[in-house]
Engineer: 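Starting off with a structure, shown below.
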2 protein chains.
Amino acid sequence: MLKISELGSRTGLSPHTIRFYEKHGLIKASERSESGYRYYNDSDVRRAEFVKTARNIGFSLDDIGQLLSIRVDKTAHSCQEVTDITRHKLDEVNAKIAELQSMQKTLQLLLDSCCGGPEQAIHCSIMEALEDGNVDASGAAKAHKTVLGKRAKS
Amino acid sequence: MLKISELGSRTGLSPHTIRFYEKHGLIKASERSESGYRYYNDSDVRRAEFVKTARNIGFSLDDIGQLLSIRVDKTAHSCQEVTDITRHKLDEVNAKIAELQSMQKTLQLLLDSCCGGPEQAIHCSIMEALEDGNVDASGAAKAHKTVLGKRAKS
DNA sequence: CTTGACCTTAGAGTTGGCTCTAAGCTTATA
DNA sequence: TATAAGCTTAGAGCCAACTCTAAGGTCAAG
Ligand SMILES: [Zn+2]
Ligand SMILES: [Zn+2]
Ligand SMILES: [Zn+2]
Ligand SMILES: [Zn+2]
């Protein structure tokens, strides 16, 4: 039976994150000590590792919840349900890639047009393109709200 | 002189968003009526359109702020400053694309391995891969926090 | 028997870019 | 003149997935 920080070092999730996942129904400690400490058995650890793997792939916590409910009774669920979740995620990823590639293309064109030198930006072609709005940004408009965030840790 | 909703329909930004941008220093109404209504002149409109174009490309509001401060005095800034901002953005975009492509690859492999049929998920290869953690998710781990958000409107 | 590492909880804060609400004032139209 | 549409403000809420804080309880080592 592992304590929360031991589960943390085994899975690479912080105790904070483990409690957060518990609050959202993803992970549970099958036992608690009298003083309230969480204790995780092998089955709990396997579930937590499943969550970690799914998260690393990029599934949302909501997706992971669905995958977990399939996991607890596989006879009640089909391969199709699993592929539906996976394909939906892949569709999202593909859409996002397309948006980012549109941004990439636009930014590259802008960079190619500008000398990038130390002279005054008076005739800078990037500035001119932005002024004139003659920028091929089709597809990029929807892309950038949350496109460039990061997660710090593993 | 345009009122805020007129500037909105000209630029495709909502009045709410215009006020939000004003609060963040991107856009200003050069005049106010006695009753406090914002009035935008041609120069204001051009600035707002610049902001809209830059936003559509994918620049952050912070980036746009920097571009705007170059715009107001181009003699005091160089092409290099402009390309630095642009290149930095391109680097972010490229990094994000790489992460998403890693996710894409993993998801595609999972999908290829599963029959996707109506039978019970007992021997589902996607579930097995998630259980075993033998999933090639290198690079995807950092990717997904904010990767799949959306902005609704233009 | 004290130190320090670890555990508990509820709840607030972070990020970026909006998006909306409430409560009230102004303006245009019929 | 009445009604509706539009404007003002400060400030709250939203999204996801954490991340941290405060204030306290627990436990093993020396
Ligand atoms: Zn130049
Ligand atoms: Zn230039
Ligand atoms: Zn199957
Ligand atoms: Zn399957």
Side-chain angles (χ1 to χ4, degrees), chain A residues 1-9 11-29 31-40 51-52 54-65 89 92 96 140-154, chain B residues 1-9 11-29 31-40 51-52 54-65 89 92 96 140-154:
Chain A
M1 298 291 263
L2 305 177
K3 283 196 271 189
I4 193 165
S5 67
E6 294 165 334
L7 178 64
S9 44
T11 57
L13 302 168
S14 76
H16 274 307
T17 299
I18 292 168
R19 288 188 203 103
F20 172 78
Y21 285 174
E22 179 180 308
K23 197 158 52 181
H24 289 264
L26 302 183
I27 288 175
K28 251 196 82 182
E31 284 196 50
R32 292 281 191 132
S33 74
E34 280 187 23
S35 54
Y37 282 29
R38 291 168 176 81
Y39 281 95
Y40 300 91
V51 169
K52 175 74 183 324
R55 190 200 72 164
N56 277 359
I57 291 170
F59 286 110
S60 69
L61 301 194
D62 192 79
D63 292 333
I64 296 172
K89 191 77 202 172
E92 287 181 327
K96 196 56 55 178
K142 304 161 196 158
H144 53 287
K145 177 173 182 186
T146 53
V147 151
L148 290 171
K150 325 150 195 201
R151 156 152 62 223
K153 301 188 181 178
S154 124
Chain B
M1 298 290 264
L2 305 177
K3 282 195 273 190
I4 194 166
S5 66
E6 294 165 333
L7 178 65
S9 43
T11 56
L13 302 169
S14 76
H16 273 307
T17 300
I18 292 168
R19 289 189 204 100
F20 172 79
Y21 285 173
E22 179 180 308
K23 196 157 53 181
H24 289 264
L26 302 183
I27 289 176
K28 251 196 82 180
E31 283 196 50
R32 292 279 192 135
S33 74
E34 281 186 22
S35 54
Y37 281 29
R38 290 167 177 82
Y39 281 94
Y40 299 90
V51 170
K52 176 74 182 327
R55 190 200 72 165
N56 278 358
I57 291 170
F59 285 110
S60 69
L61 300 195
D62 192 78
D63 292 334
I64 296 172
K89 190 78 202 172
E92 287 181 327
K96 197 56 56 177
K142 305 162 198 158
H144 53 289
K145 176 173 182 185
T146 54
V147 151
L148 288 170
K150 325 147 194 204
R151 158 151 63 220
K153 299 188 179 179
S154 125

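The sequence lines fix the lettering, A, B, ..., with proteins before strands; numbering per chain opens at 1.
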Engineer: Do A:I57 and A:K89 touch side chain to side chain, with heavy atoms closer than 4.5 Å?
Structural biologist: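 SC-SC contact between A:I57 and A:K89 ruled out.
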Engineer: For D:dC7, take OP1 and OP2 only and decide whether either is under 4.0 Å from a side-chain N or O of B:Y39.
Structural biologist: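 No, outside the criterion.
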Engineer: Which nucleotide sits closest to the side chain of A:I4: C:dC6, D:dG11, C:dT8?
Structural biologist: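 Of the candidates, C:dT8 comes closest.
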Engineer: Mind checking B:R38 for me? I need base, sugar-phosphate or nothing, with any heavy atom below 4.0 Å counting as a touch.
Structural biologist: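 Sugar-phosphate only.
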Engineer: Mind calculating the distance between CD (A:E22) and C1' (D:dA17) to the nearest angstrom?
Structural biologist: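 So the two atoms are 17 Å apart, to the nearest Å.
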Engineer: Nearest whole Å is fine: how far is C:dT27 P from B:E34 CD?
Structural biologist: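 Whole-Å distance recorded here is 9 Å.
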Engineer: Would you tell me if any nitrogen or oxygen in the side chain of B:R19 comes within less than 4.0 Å of OP1 or OP2 on D:dC7?
Structural biologist: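 B:R19 to D:dC7 OP1/OP2: no side-chain N or O under 4.0 Å.
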Engineer: Between A:Y21 and D:dA17, is there a side-chain N or O to OP1/OP2 distance below 4.0 Å?
Structural biologist: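 No.
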Engineer: Measure from CG on B:L7 to P on D:dC7 and round the result to the nearest Å.
Structural biologist: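 So the two atoms are 11 Å apart, to the nearest Å.
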Engineer: Between C:dG16 atom P and B:L26 atom CG, what is the distance in whole Å?
Structural biologist: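 After rounding, the reported distance stands at 14 Å.
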Engineer: Once you round it to whole Å, what is the distance between C1' of D:dC15 and CD of A:E92?
Structural biologist: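 In whole Å, D:dC15 C1' and A:E92 CD are 14 Å from each other.
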Engineer: Between B:Y40 and B:M1, is any pair of side-chain heavy atoms under 4.5 Å apart?
Structural biologist: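 Counting from C-beta outward, B:Y40 and B:M1 never come under 4.5 Å.
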Engineer: Which nucleotide in the set C:dG17, D:dT19, C:dT27 lies at the smallest distance from any side-chain heavy atom of B:S60?
Structural biologist: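 So the side chain of B:S60 is nearest to C:dG17.
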Engineer: With nearest nucleotides of DNA chain C determined for B:H16 and B:D62 from heavy-atom distances, which residue corresponds to the more 5′ nucleotide?
Structural biologist: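 With B:H16 and B:D62 compared, the 5'-side residue is B:D62.
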Engineer: Choose from C:dT27, D:dC27, C:dG17 the nucleotide whose nearest atom is closest to any side-chain atom of B:L61.
Structural biologist: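 Nearest nucleotide to the side chain: C:dG17.
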Engineer: Atom CD of A:E6 and atom P of C:dC6: how far apart are they, to the nearest Å?
Structural biologist: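 Going from A:E6 (CD) to C:dC6 (P), I get 10 Å.
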Engineer: Nearest to the B:F20 side chain among D:dT26, C:dC18, D:dT19, which nucleotide is it?
Structural biologist: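 Per side-chain heavy atoms of B:F20, the pick is C:dC18.
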Engineer: With DNA chain D as reference, determine whether A:T17 or B:S5 sits nearer its 5' end, using the nearest nucleotide of each.
Structural biologist: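 Per heavy-atom nearest nucleotide, the more 5' residue is B:S5.
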Engineer: On DNA chain D, check which nucleotide each of B:K23 and B:K3 is closest to and give me the residue with the more 5' one.
Structural biologist: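 Its nucleotide being nearer the 5' end, the pick is B:K3.
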Engineer: Any side-chain N or O of A:S35 below 4.0 angstrom from OP1/OP2 of D:dC27?
Structural biologist: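 For D:dC27, OP1 or OP2 has a side-chain N or O of A:S35 closer than 4.0 Å.
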Engineer: When you measure from the side chain of B:S5 to the backbone of B:G8, do you find a donor-acceptor pair of N or O atoms at a distance under 3.5 Å?
Structural biologist: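 Answer holds: no.
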Engineer: Can you confirm whether B:R38 sits close enough to B:R32 that some side-chain heavy atom of one is under 4.5 Å from a side-chain heavy atom of the other?
Structural biologist: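 With C-beta onward as the side chain, the pair touches.
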Engineer: I need the NZ-P distance between A:K96 and D:dA16, as an integer number of Å.
Structural biologist: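 Distance, rounded to whole Å: 13 Å.
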Engineer: Would A:I64 and A:Y21 count as a side chain to side chain contact (heavy atoms under 4.5 Å, CB included) if you check the C-alpha gap in whole Å, the side-chain angles of each, and the deciding distance to 0.1 Å?
Structural biologist: CA-CA 10 Å; A:I64 296 172; A:Y21 285 174; over 6 Å; no
Engineer: Kindly write out the residues that satisfy salt bridge (Lys or Arg N to Asp or Glu O under 4.0 Å) with B:E31, not counting sequence neighbours, or none if the list is empty.
Structural biologist: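 Listed in chain order: nothing, the list is empty.
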Engineer: What pairs of nitrogen or oxygen atoms, one from the protein and one from nucleotides 3-5 of chain C, lie under 3.5 Å apart?
Structural biologist:
none

Engineer: Calculate the interatomic distance between A:H24 atom NE2 and D:dC18 atom C1'; express it in whole Å.
Structural biologist: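 Those two atoms, NE2 and C1', are 9 Å apart.
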Engineer: I'd like to know if B:R19 and B:E22 make a salt bridge, using a cut-off of under 4.0 Å between side-chain N and carboxylate O.
Structural biologist: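 Looking at B:R19 and B:E22, the cut-off is not met.
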Engineer: Step through it carefully: locate the ring centre of A:F20, locate the ring centre of A:H16, and say whether they are under 6.0 Å apart.
Structural biologist: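 No.
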Engineer: Establish, with yes or no, whether the OP1 or OP2 oxygen of C:dT9 is under 4.0 angstrom from a side-chain nitrogen or oxygen of A:R32.
Structural biologist: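 Yes, A:R32 has a side-chain N/O under 4.0 Å of OP1/OP2 on C:dT9.
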